[in-house]
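What follows is a single structure, written as structure tokens, with notes after it.
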Protein chains: 2
Amino acid sequence: MRNGVPADNVRTERPARTGRRTLSRDDWARAALEAMRESGLGAIAVEPLAERLGTTKGSFYWHFKDRDALIHAALEMWVAESDAMMAAAARITDPAERGRWLTEFAFTGPQGADITTTLLVNSQHPVVGPFLERVTQERIAWGAALNEELGMPPEVARQHALTAWMMAVGIALVRRGAPQLLPQGDEADAYKRYVMELLRPPRAQA
Amino acid sequence: MRNGVPADNVRTERPARTGRRTLSRDDWARAALEAMRESGLGAIAVEPLAERLGTTKGSFYWHFKDRDALIHAALEMWVAESDAMMAAAARITDPAERGRWLTEFAFTGPQGADITTTLLVNSQHPVVGPFLERVTQERIAWGAALNEELGMPPEVARQHALTAWMMAVGIALVRRGAPQLLPQGDEADAYKRYVMELLRPPRAQA
DNA sequence: AGTTCTCCATACGCCACCGTACGGGAAGTC
DNA sequence: GACTTCCCGTACGGTGGCGTATGGAGAACT
């Protein structure tokens, strides 16, 4: 009789018990993702999250089998967000503009918008690994497609996409761990332009 | 009468008790650094390390005040290694060659030779923060000096050094978390050359 | 040979977190 | 208004790691 997993989307019906509303599975997943953004995978911990949500473990273990199930749900939510982002970016028709938009986002997007760095650090985790693998492949393929639009041959396009992605990873990690190193204020804009210039189509290639 | 901290270098004298030798403070620090290279800061844990060293906590708490003291010692050891590396690299007179050597090292140096990524992830830790700050500043300044030797004006040299350092951070993290993404075999060499080319002196700059 | 010092083993209490058992209150159902 | 179902509170046992207390074996000293 454990774990009803009550469709979870239909639950919009139930009016929540008087006074305090009742939590959904998604509420937990959202909170977990948020915690992971802020403090890494270790922050996905049942009891602390319960307190943060103003409830107890009792709620959690009704909605989820165990902690890994929560991590899974949080990452599914992240994948959905990531896909939505890529879809949004794809609506920019000019590929060069699209590239600039991505660079801009890497530097000034919301702090920890991307948990790729966290996932890379925890890539050994059995739940994390597959998610990381999938999203990363998608993103690099996406970047490669963009580069091909810019006129690069497929092989170079992929190399370049990989490089840009690694640069983004580096930026994200530095933003998280040593943000004071990044140029601030008006120097920030100049630096962004400089990086965009650097990530232009390669000049030479065998 | 706690914590003798017995000079620790003079202890080469004592012939070790018959049979099993006795551990030094440095043995602990070395093991801690090693563990951190492999599995991050969380792997610096007293009891697991004790088992790994074939001893018990009793040994540890004789040599160290607490876990943070061990982290400190491990990071001091890392700083020493880092300084030695930079000194070794500085012996390469041709700056371009020196740059290539560093890129080479970023890609094919021993796995986890650099724990910068780990420290960036744990930059909030009170012991980690200062070490990260110091070494990072040194390295970027070092790279900036190299770039000035290559003819860049100081401002650009620093920008470029920061960028190269972030790229190295990205590479290190990917090597740790998703090495399969990096080109393997003979493609690896081509890719390295391509990255070196990318990190050449910038073509344009305002 | 006795004493002192060095280094470690063991046992203990504490805390944080995981997962389970079980009970119970409130909403809906008949 | 009983009854069921949903959702949660609470208590419990287990695990892993931190730090302390204390004893004790061997080496070194005298």
Rounded to the Å, how far apart are A:D26 CG and D:dC7 P?
13 Å
Determine whether the aromatic ring centres of A:F64 and A:H72 lie less than 6.0 Å apart.
no
Is the closest basic N to carboxylate O distance between A:D83 and A:R139 below 4.0 Å?
no
May I ask you to decide whether B:R30 forms a salt bridge with B:E76, counting only side-chain N to carboxylate O separations under 4.0 Å?
no
Answer yes when B:E81 and B:R37 have at least one side-chain N-carboxylate O distance shorter than 4.0 Å, and no when they do not.
yes
Looking at A:H63, I'd like to know whether one of its side-chain N or O atoms comes within less than 4.0 Å of OP1 or OP2 on D:dC8.
yes
To the nearest Å, how far apart are B:L49 CG and C:dC8 P?
14 Å
Does A:R193 pair with A:E197 as a salt bridge, N-O distance under 4.0 Å?
no
To the nearest Å, how far apart are B:F60 CZ and D:dG17 P?
14 Å
Would you mind reading off the distance between B:E51 atom CD and D:dG16 atom P, rounded to a whole angstrom?
11 Å
Take the protein atom CZ of A:F64 and the nucleotide atom C1' of D:dC8, then report the distance between them rounded to whole Å.
15 Å
Which letters describe nucleotides 11-18 of chain C, given B = protein heavy atom under 4.0 Å from base, S = only from sugar-phosphate, - = neither?
B-----BB
So, A:Q159 and B:E187: side-chain donor and acceptor under 3.5 Å apart, yes or no?
no
From CH2 of A:W62 over to P of C:dC22, roughly how many Å is that when rounded to an integer?
19 Å
Find the distance B:R25:CZ to C:dC7:C1' and express it as a whole number of Å.
15 Å
Quick one: is C:dA9 close enough that its OP1 or OP2 comes under 4.0 Å of any side-chain N or O from B:S59?
no
Does A:T22 have a side-chain nitrogen or oxygen under 4.0 Å from the phosphate oxygens OP1 or OP2 of D:dC6?
no
